[in-house]
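Data first, discussion second: the structure below is written as structure tokens.
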Amino acid sequence: MEIRRATTVAELLAAAHLYDAPPREDWAAAFLAAPGHVLLIAYAPDGTPAGFVSGIEMHHPDKGVELCLYELSVDEAHRRRGIGRALTEALAAEARARGCYGMWVGVDTDNEPALRTYAAAGAVDEGVFTMRGWSFPRS
């Protein structure tokens, strides 16, 4: 398995089977153009995308920069082989290289596979929290 940073729209679109919904070319281009966005893709030996992890730098005036692990996905055929852990560790290495003081991820408390993956990659439980969200219609 090889993990590489995606730098082209074509790479992001080639990983379409790993996303929750079909990617759009304009959104992929905007993601790549946005400062502080990173997406790493794990490639199977045959060259197909087996998983990805995305992160977004978050800046704050009194804290500096931290990285939010936005999404992790591993193709079902490639799960339970350490790919999720390797992707998470690679993103943490990217965060350290960028000078981030830390990295965090929000995860549902009943998502056992994700909790095991993040723990295996060195994440610690920082306590229960609740998340609130707003949904806006897409134009």
Side-chain angles (χ1 to χ4, degrees):
M1 175 194 54
E2 179 184 8
I3 296 176
R4 295 192 312 259
R5 181 175 178 179
T7 59
T8 68
V9 169
E11 289 171 299
L12 295 180
L13 297 180
H17 64 286
L18 300 170
Y19 304 135
D20 295 328
R24 286 183 23 182
E25 191 170 334
D26 57 332
W27 291 349
F31 179 91
L32 291 173
H37 284 61
V38 61
L39 191 138
L40 306 175
I41 299 176
Y43 291 91
D46 67 0
T48 60
F52 81 89
V53 65
S54 62
I56 301 171
E57 284 183 359
M58 302 177 76
H59 297 256
H60 200 273
D62 71 333
K63 294 174 185 66
V65 184
E66 65 182 334
L67 195 82
C68 167
L69 187 161
Y70 186 77
E71 189 168 4
L72 173 68
S73 174
V74 176
D75 184 80
E76 195 163 334
H78 296 281
R79 290 182 184 162
R80 302 196 53 81
R81 298 182 191 177
I83 294 172
R85 184 189 73 234
L87 283 162
T88 303
E89 290 171 344
L91 188 64
E94 177 73 21
R96 284 190 292 278
R98 291 168 175 246
C100 295
Y101 72 85
M103 184 170 89
W104 65 276
V105 62
V107 60
D108 292 332
T109 57
D110 64 349
N111 187 339
E112 288 299 324
L115 292 169
R116 284 192 304 272
T117 296
Y118 299 138
V124 296
D125 186 348
E126 294 185 350
V128 177
F129 74 96
T130 184
M131 181 181 281
R132 301 288 188 253
W134 291 259
S135 294
F136 305 113
R138 291 188 180 180
S139 49

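For the single chain, residues carry numbers from 1 onward in sequence order.
- Heavy-atom minimum distance, A6 versus L12: CB-CD2, 3.7 Å.
- Separating the OG1 atom in T109 from the CD atom in E112 is a distance of 8.5 Å, to the nearest 0.5 Å.
- Put simply, CG on L69 and CD1 on I56 are 10.0 Å apart, with the number rounded to the nearest 0.5 Å.
- Within a 6.0 Å radius of CE in M1, more than 12 heavy atoms belonging to other residues, nucleotides or ligands are found.
- Shown here is E126, whose CD atom has no more than 12 heavy atoms of other residues, nucleotides or ligands within 6.0 Å.
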Evaluate the side-chain contact (heavy atoms from CB on, under 4.5 Å) criterion for residues V65 and M58: first the C-alpha distance (whole Å), next the side-chain angles of each, then the deciding distance (0.1 Å), finally the verdict. CA-CA 6 Å; V65 184; M58 302 177 76; over 6 Å; no
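- Once rounded to the nearest 0.5 Å, the distance linking CG of L18 with CD1 of I41 reads 7.5 Å.
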For L40 and F52, what are the C-alpha separation, side-chain angles and deciding distance, and is it a side-chain contact (heavy atoms from CB on, under 4.5 Å)? CA-CA 5 Å; L40 306 175; F52 81 89; over 6 Å; no
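- Heavy atoms only, all atoms of each residue included: F31 and V38 are closest at CZ-O, 3.6 Å.
- Between E94 and R96, none of the side-chain N atoms (NZ, or NE/NH1/NH2) sits under 4.0 Å from a carboxylate O, so this pair counts as no salt bridge.
- Residue Y70 places its OH atom among 12 or fewer non-hydrogen atoms of other residues, nucleotides or ligands, all under 6.0 Å distant.
- No hydrogens or angles considered: nothing links the side chains of R5 and T7 as a donor-acceptor pair under 3.5 Å.
- The heavy-atom pair separating T88 from A121 by the smallest distance is CG2-CB, 3.6 Å.
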Passes side-chain contact (heavy atoms from CB on, under 4.5 Å), M103 versus E66? Steps please. CA-CA 6 Å; M103 184 170 89; E66 65 182 334; over 6 Å; no
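- Atom CD1 in I3 sits 4.5 Å away from atom CG in L87 (nearest 0.5 Å).
- Between the side chains of H78 and E76, no donor-acceptor pair is found at a separation under 3.5 Å.
- Annotation for L67 and G55: closest pair CD1-C, 4.3 Å, computed over non-hydrogen atoms.
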